[in-house]
Amino acid sequence: MAEMIDSLASEIDAKINISPPVDFGPGYEPKTSEPIARPLSNMDEVLLWKPGEDEFNVASEVLARRTESSVPKPKTLVCHDMMGGYVDDRFVQGVAKNDCYRFYHWQYIDIFMYFSHHFLTIPPAPWTNAAHKNGTLMLGTFITEWKDGAERCKQVLASEDAYKCFADKMVALAKYYRFDGWLINVENQIEPEQMPYLVEFVEYLTSEMHKLDPVSQVIWYDSVIQTGKLKWQDMLNDNNRLFFDRCDGIFLNYNWNEQKLKDSLQMAGDRKYDVYVGVDIFGRGCFGGGGWNTYKAMEVIRKVDLSAAIFAPGWVFEKHGATKFIPNENRFWSLIESYLHSHGVVSLPLCSNFCQGYGVHGFSNGKKVMTKKWCNLSAQQIQPSFSNKQFEDGAKQKMDRLVTDGYSGGGCLSFDGSLEAGKTHIFKVLQTGIEWKDFLLIAYSVKTSSQMKIELYLQTAEPDGQIVLTDTEDISKAEKQNVTDYGLHESEKLADMPAAVFAPLGGASLTVLKEMSGNIPESNGWVTRYYLLSKTAFDCAPKITEIGLKCSSLDVPVIYNVLLGQIKILDPAELKESTTQVTDLTCQDITWSPPIISPKSFEGLVSICITIKWKYAISASHFDVFVKGVTRSPNENMELSVYEPVFVGRSHSKQFRICHLLVPQKSEQHTLEIMVLPTNKAGFQAPWASVASVKVKYS
């Protein structure tokens with residue numbers, strides 16, 4: 001039986017009690033007790049559900065603001081149907097492998113639906129976190145199919161009270177798990193007498209979701225028609241318009257032709273961009289045949305000027321495998337890129353290490369803290385807005401991702417090329433629309449083995465307005481600049497034309513910023529530069545539209561490789577939160593077992609599983625969990641000193657389940673100390689000196 005620990009305890013006593021695996025319920029993997037995401041598969045599960053029972057699967061990221069066109073444009077929706085759903089991505093704390101499917105082309109996507117064939121599909125929190133960081137809405141799925149579906153619909157639509165009760169549960173689920181709406185997919189016949197209730201259900205759910213969040217979306221799938229028959233239309237017409245009129249949009253079935261799309265356009269009127277034309281990437285009856293020919297369908301959809309619903313882009317992974325997933329995924333999206341509209345994140349703080357949510361290592365301040373494979377979409381960061389298509393054919397430059405090195409997370413961006421003496425290459429990285437009132441604090445971390453100049457540039461809204469953040473060793477004037485209310489000097493302006501050029505902060509200002517980063521030294525050649533810019537320091541408009549990197553050779557030609565590990569842009573007022581630590585760190589649900597792998601190799605060790613929870617007064621990027629008191633690293637097969645803190649995992653919520661940690665089994669009392677180190681949204685890690693911890697004394 002699991003032990004429950006007093007929530008006020010900071011030091012607890014426990015007894016080793018080796019027992020069979022404890023069943024913590026459907027929200028945990030039976031063998032390992034890892035928390036998992038799951039759908040609600042029947043009526044009882046929905047009606048008996050209540051908030052507070054599944055904290056591990058609550059998304060932590062709010063929806064970021066992003067750039068939007070001043071002129072309405074067609075939208076793009078992705079419906080994620082991947083091997084039935086809830087595969088590796090069900091492990092909400094991540095999984096110890098890196099060949100998992102992931103999505104990272106968020107800049108093109110307005111709505112992402114997590115789809116499965118379960119009754120109510122709840123998007124796993126890592127998917128919602130990744131989407132929200134990039135400003136994309138996340139929807140769950142309501143689906144009923146065939147005979148079982150017809151019976152469920154009879155229950156949901158039994159009366160006005162019945163459908164309202166059910167819709168209220170759906171709204172409560174979206175509120176608790178923090179996703180943004182629902183796809184309604186009814187693929188079974190509806191009794192004629194219940195059709196009015198189905199129409200009212202769609203209207204009521206849409207209205208209640210909008211009360212919860214005005215940006216939420218409820219989308220109807222083209223299936224049941226006004227008579228109650230299951231009859232796909234492949235267009236918007238009088239048979240399905242009654243649903244379209246009562247929700248935020250319709251997802252058309254895939255067997256359309258150009259004439260049906262033209263008729264749909266006429267039927268939609270001024271809501272033409274709420275018509276999402278289905279494109280099945282597996283090509284089942286789809287115009288163009290799907291796959292690499294998806295661009296043929298997209299060409300027709302955009303020609304007619306409608307929105308698109310891309311179904312099952314996981315085809316790239318399922319059909320062509322994990323080995324060459326990245327090049328195949330990039331190829332697929334490059335083929336349809338010209339039919340998609342790109343968006344950039346504008347919310348501050350804007351912080352990214354460009355991690356895709358997987359790696360062969362884990363990095364912190366340029367140092368490897370983990371040497372095993374992993375995947376967790378909650379760790380995914382804002383992705384580059386630009387691809388290598390920005391370069392002309394034959395250009396001697398390339399932007400790529402690297403997982404064998406990094407500053408933070410699972411890797412970094414890599415820039416490669418060759419330069420003649422005195423030449424510069426420009427790499428566009430992020431599209432944005434950042435505006436600010438008084439000051440911006442900007443930091444970037446780079447690494448290069450070549451003798452060259454590396455500069456970050458910020459393109460402003462004015463055509464000739466550019467801010468260049470240069471790297472210079474001459475910081476002698478840094479202390480002569482104005483001291484701001486933030487305890488930092490302004491960055492020195494080195495030039496006005498043709499761009500406003502600023503030097504990095506040094507001296508006392510740099511010392512202060514390093515203290516705010518916990519005084520953790522950078523490793524392996526990584527260097528971080530900081531800049532504090534005043535709105536009045538330059539004449540161009542204070543709106544950043546693009547961020548990129550300038551790589552310049554000096555007096556000789558150079559073949560170069562530059563790594564960009566992170567970019568941070570924030571309001572310096574957020575610095576006051578940089579030392580905030582977690583509070584009320586507690587433990588519960590302790591279980592003991594023999595080592596689950598090769599027990600003969602780990603004599604004198606026992607496996608402990610333990611849930612830790614805490615409070616944090618501000619918004620966090622993540623929490624790193626360390627332990628002291630283990631003799632074998634959980635990250636690699638090596639022995640340790642019991643006095644050495646070791647990284648065991650990263651949490652993106654205010655709890656973490658440590659699973660099967662090997663600890664010494666001794667006759668005398670032993671202490672396991674668990675520490676939680678937060679990193680705030682501005683990307684500053686709290687100092688080690690005052691880290692919160694809880695001690696588990698066991699015998």
message: Counting the benzene-type ring for Trp, do Phe115 and Tyr221 have ring centres under 6.0 Å apart?
response: no

message: If the test is side chain to side chain contact (heavy atoms under 4.5 Å, CB included), which one of Phe243, Tyr276, Phe244 qualifies with Ile250?
response: Phe244

- prompt: Considering residues, nucleotides and ligands other than Lys169, do more than 12 of their heavy atoms fall under 6.0 Å from its NZ?
  reply: yes

- line: Given the options Asn376, Val87, Asp88, Cys100 meets side chain to side chain contact (heavy atoms under 4.5 Å, CB included) only with Asp88

- prompt: Is the His117-Trp146 ring centre distance short of 6.0 angstrom?
  reply: no

query: Is it the case that more than 12 heavy atoms not belonging to Lys50 sit under 6.0 Å from its NZ atom?
result: no

message: Suppose we call two aromatic rings close when their centres sit under 6.0 Å apart. Are Tyr254 and Phe311 close by that rule?
response: yes

task: Compute the centroid of each ring, for Phe103 and then for Phe112, and state whether the two points are separated by less than 6.0 Å.
output: yes

- prompt: Trp49 vs Tyr176 aromatic rings, parallel, tilted or perpendicular, using cut-offs 30° and 60°?
  reply: perpendicular

message: Run the side chain to side chain contact (heavy atoms under 4.5 Å, CB included) test on Ile567 and Phe354 for me, step by step, so that the C-alpha distance in whole Å, both residues' side-chain angles and the decisive distance to 0.1 Å come before the verdict.
response: CA-CA 9 Å; Ile567 292 176; Phe354 309 104; 3.8 Å; yes

message: Does Arg152 qualify as a cation-pi partner of Phe119, given the criterion of NZ or CZ under 6.0 Å from the six-membered ring centre and within 45 degrees of its axis?
response: yes

- request: Verify whether the ring centers belonging to Trp232 and Trp256 lie closer than 6.0 Å.
  value: no

